[in-house]
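Here the structure comes first, spelled out in structure tokens, and everything after it is commentary.
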There are 2 protein chains.
Amino acid sequence: MYRSVNLSLRRFIAMAGKGASTAAAKGKKKEVKKETGLGLSYKKDENFGEWYSEVVVNGEMIEYYDISGCYILRPWAMSIWEVMQTFFDAEIKKMKIKNCYFPLFVSSGVLQKEKDHIEGFAPEVRLLCFWSRAWRVLCLLMVYDSLSWPCCLGYKVGESELEMPIAIRPTSETVMYPYFSKWIRGHRDLPLRLNQWCNVVRWEFSNPTPFIRSREFLWQEGHTAFATKEEADTEVLDILELYRRIYEEYLAVPAFVPNTGRGVQGATSHCLGQNFAKMFEINFENEKGEKAMVWQNSWAYTTRTIGVMIMVHGDDKGLVLPPKVASVQVIVIPVPYKDADTKGIFDACAATVKTLNGSGIRAEADFRDNYSPGWKYSQWELKGVPLRIEIGPKDFANNQVRAVRSDNSTKHDIPMADLVERVQDMLNQIQESLFDAAKQKNEMPVFRLHTWEEFAEALSQKKMILAPWCDEEEVEKDVKTRTKGDMGAAKSLCSPFDQPELPEGTLCFASGKPAKKWTYWGRSY
Amino acid sequence: MYRSVNLSLRRFIAMAGKGASTAAAKGKKKEVKKETGLGLSYKKDENFGEWYSEVVVNGEMIEYYDISGCYILRPWAMSIWEVMQTFFDAEIKKMKIKNCYFPLFVSSGVLQKEKDHIEGFAPEVRLLCFWSRAWRVLCLLMVYDSLSWPCCLGYKVGESELEMPIAIRPTSETVMYPYFSKWIRGHRDLPLRLNQWCNVVRWEFSNPTPFIRSREFLWQEGHTAFATKEEADTEVLDILELYRRIYEEYLAVPAFVPNTGRGVQGATSHCLGQNFAKMFEINFENEKGEKAMVWQNSWAYTTRTIGVMIMVHGDDKGLVLPPKVASVQVIVIPVPYKDADTKGIFDACAATVKTLNGSGIRAEADFRDNYSPGWKYSQWELKGVPLRIEIGPKDFANNQVRAVRSDNSTKHDIPMADLVERVQDMLNQIQESLFDAAKQKNEMPVFRLHTWEEFAEALSQKKMILAPWCDEEEVEKDVKTRTKGDMGAAKSLCSPFDQPELPEGTLCFASGKPAKKWTYWGRSY
């Protein structure tokens, strides 16, 4: 219930053949010759990791930064995040969820509090705690005096200069919930529904990968408290529906909602129950005048979603952006020729952009005079612009433009009179066809099996597995140890809510103990 | 040229009589009885510091946090920031400035680079460096191993566990400019105009104050590079104009643009010249094929502006929010009475809200049944809602509402038929009258003087000073030392671009050396 499930992502990566094991996965910085060769050196099916690394850099989404695991989100990526942000923010405001901003830092007192509470709590909380450890909280030791600058440069850390350690938020439960406890007194203070857009830091050590696994990333985190479980449950589903819409309607990626109904890849919305309410004493007086504990949800989605989108749609020519999130939906390129009326062609390009912009279509012209049209085609293909419009002498003479779709390379001559309508249609078609293609790729079969041998074989073939399990933490640990490799270790992904039949006497594939339930397994990226 | 000027802010604070010296200024956390007494314990004119602290907490803008100098921005404050953000972001996008996101962390290599360059550079850069020092860069020592969590709690910092120190950005010049150098090759790569919305950290030690001086704050920072100084200069003025509009049109605070034309309180826009271009080797090949250096600007405004707004408009009843930034512009309160048609009154309230919302006016009804109308009036006054609408039996019978303006407490009976028009008019009037009142307060005379004695006297009276100065850094340091007190030390604010006449032989008020220019002085908050 606490885990974010990334089945679909895994599926897509598995589809990519030899897999994401090299440069991108290892965060190796690759210098790419910009001016001379626009084509990608790697193919998606042959070397997924190198391909991904190359496509995010050459497509100008990402610049590698001089601290490992930190990446620069360039405008080409940021604009995608902003489109999703605008949609989601407006939707949650309709739901009366309010934005706020809590501090970046978590005090050691609060960290200590969480630790004190770990042992005595239910498995769900211990799971949460485990989850927290996995984040590798970045510990800050503040070293300062009146000359903090040289001190900072000098690495001098004498005992006397140390203050209390402060952590940077990996998430804000422990930051926020003490104040939930303070603000919530009676039932009239409920529901309390807050959201913040912010950066968080998780000091990951393995395989830093742009968007997918970075030490700092951007997200929204919603934290809400209700008087009843029913209200909390309703919100979980409402938010999941928004995440589904972001994935499907914007990113054109099928949103895998596992049978639990509780996970969307790279986005999670779940009912926390009352465990945090216990831990942080978030109580209220209910309508009968009795003391009660709140029911809480938290839900988040991150810039990771952009990485998923790139992995799903990108091809050997570069990025492929769904029109709804592309900051440039249409690139207009003049194709002058010898004695042709160059000025006329350029003016037609400008007029085309103006007409499209006037109808709310995000179009730009590329008038650079030091690149050939062919070079420009390649560059905008690399950057994944959904639709290219070319205007050459013949088009100009016929008062038409030539449109080339990025998704299937088909060419269409469009009379200027039909411009807006036809372009809008094509953008819609591209959005749809990307989604359809992604859905097809996503229909990978799940392998149902019973033994360790079958499991190991299916894993080596990068298959998705459904197996009977004893549901013991120690056994999962053991599975991880036994399967550890370049591609990460195998782990349980989630258990289907609608369990297949589990006949009496069925044994766990891993431990041989009696199985308690069917569970999905796979290597986690 | 590098300093952010806060003349107006100082003026307002000076106006506030006994000044901002106590609780707020010292960041003392004050527990305020919420339920029992809504009124403020302190008066703005009598104890500005305590008043400010009380008003930001009781008005639900801020919650004090358990790390000194960090504050929680509650939805009531965040919504104001969002209004300004929406305006500014749309405007800079029209200017083709693009949003991006650079990492939170600065590597020690880059810090070292800046240090290496400090000595050899022009006074402007040394000033920048001094400025950097004043930020008290928070130095991180990352302490981690596979058990980072206990390690973090245990404060164990053995030599072997230390990595390179990493700083958290106090601003992003050193984060961004190495990549400007990488991305800019030829004149066609210019202008490069980037902006980011983010958090920054400056580990201040004195007088933490909500919004005004906090260790973490939110801002936008624009960083741009041009081929020519002319283009850079034009942008500086364009951005200043946007800041002026935020202040005047949204926050209803007169934007003090000093005679240099280069500063707006709590917001700065300035041409950095070519110093950073030298430091970070940001060169390009110009149209003649020659190597040239870029001209750079940076510009920023922060959540500090919200604090300024509160200080300017707030009164002894609480916050006073200008309608254009208030998340609730109109609060509608039912005033039922004994045998009156309570349901009718409640329905009329709901209908009023619906009508106003339908016209884009941000209105809400307060239907809470456990508070009296009078209590609600006080609470919404405390929160600074611009317009209150009351509907009682008489109003209901007459098909009218009673509107009460927050700025002057005048009452107006409005027929339902005229509701939208009259409410919109009143909101406009309130916005205007707040601005007019602020302008009047801002017209504080500047005292022109020549000697230390006059200076000390004027300073003790919290006056703004214009004095002849030798323009030596050491002398300013000395002035600071000699004037250090509870209210901060005096410092130079800026030098007027249009210098008053400075007769030969005029001496510096502080050092007695020959004066080089007239400069504004005051205590800086």
Side-chain angles (χ1 to χ4, degrees), chain A residues 63 65-67 70-75 78-79 81-82 98-105 107-112 115 132-133 136-144 147-153 155 157 162 165-168 178-179 182-183 185 188 194 198-199 201 203 205 216 218 368 370, chain B residues 35 63 65-67 70-75 78-79 81-82 98-105 107-112 115 132-133 136-144 147-149 151-153 155 157 162 164-168 178-179 182-183 185 188 194 198-199 201 203 216 218 368 370:
Chain A
E63 184 74 66
Y65 190 62
D66 74 340
I67 297 174
C70 295
Y71 305 96
I72 298 164
L73 299 187
R74 301 185 70 177
M78 200 60 198
S79 60
W81 183 242
E82 288 182 313
K98 292 184 173 171
N99 283 337
C100 60
Y101 187 76
F102 279 74
L104 175 68
F105 299 113
S107 71
S108 56
V110 172
L111 293 179
Q112 188 66 44
K115 182 173 172 274
S132 300
R133 275 184 192 161
R136 310 280 195 280
V137 168
L138 177 69
C139 180
L140 310 188
L141 289 164
M142 288 176 299
V143 184
Y144 51 69
L147 296 168
S148 63
W149 192 268
C151 173
C152 166
L153 291 169
Y155 311 37
V157 196
L162 298 180
I166 291 181
I168 297 182
Y179 299 90
K182 182 173 185 183
W183 295 331
R185 304 283 175 87
R188 289 185 192 82
L194 298 179
C198 64
N199 54 345
V201 173
W203 212 249
F205 288 96
E216 180 191 5
L218 303 182
R368 287 175 295 176
N370 58 326
Chain B
E35 274 82 7
E63 185 74 66
Y65 189 63
D66 75 338
I67 296 174
C70 295
Y71 306 95
I72 297 163
L73 299 188
R74 301 185 70 179
M78 201 58 197
S79 59
W81 183 242
E82 288 181 312
K98 292 185 174 169
N99 283 337
C100 59
Y101 187 76
F102 279 74
L104 175 68
F105 300 112
S107 72
S108 57
V110 173
L111 293 178
Q112 187 67 42
K115 182 174 174 272
S132 301
R133 276 183 191 162
R136 310 280 193 279
V137 168
L138 177 69
C139 182
L140 310 189
L141 290 163
M142 288 176 297
V143 184
Y144 51 69
L147 295 169
S148 64
W149 190 269
C151 174
C152 166
L153 291 170
Y155 311 38
V157 196
L162 298 181
M164 300 274 279
I166 290 181
I168 296 181
Y179 299 90
K182 181 172 185 183
W183 295 331
R185 304 283 174 87
R188 289 183 193 83
L194 298 179
C198 63
N199 54 344
V201 173
W203 212 249
E216 180 191 7
L218 303 182
R368 287 176 294 176
N370 58 326

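Lettering follows sequence order; numbering is per chain, from 1. None of these values were measured; they are calculated from a predicted model.
Partners of Arg188(B) by side-chain contact (heavy atoms from CB on, under 4.5 Å), not counting sequence neighbours, listed by chain and number: Asp369(A), Asn370(A).
Counting only distance, with no hydrogens or angles, the side chain of Tyr65(A) and the backbone of Phe105(B) share a donor-acceptor pair below 3.5 Å. One N or O on the side chain of Glu216(B) and one on the backbone of Leu104(A) form a donor-acceptor pair closer than 3.5 Å.
A pairwise comparison of heavy atoms in Asn199(B) and Tyr101(A) identifies ND2-OH, 3.2 Å as the closest pair. Nearest heavy-atom pair, Glu82(A) versus Asn99(B), reported as atom, atom and distance to 0.1 Å: OE2-ND2, 2.6 Å. Annotation for Leu194(B) and Pro75(A): closest pair CD2-CG, 3.5 Å, computed over non-hydrogen atoms.
Of the inter-residue distances, the one linking Trp183(B) atom CH2 with Arg74(A) atom CZ reads 4.5 Å to the nearest 0.5 angstrom.
Counting heavy atoms from C-beta on, the side chains of Pro103(A) and Ile72(B) come closer than 4.5 Å.
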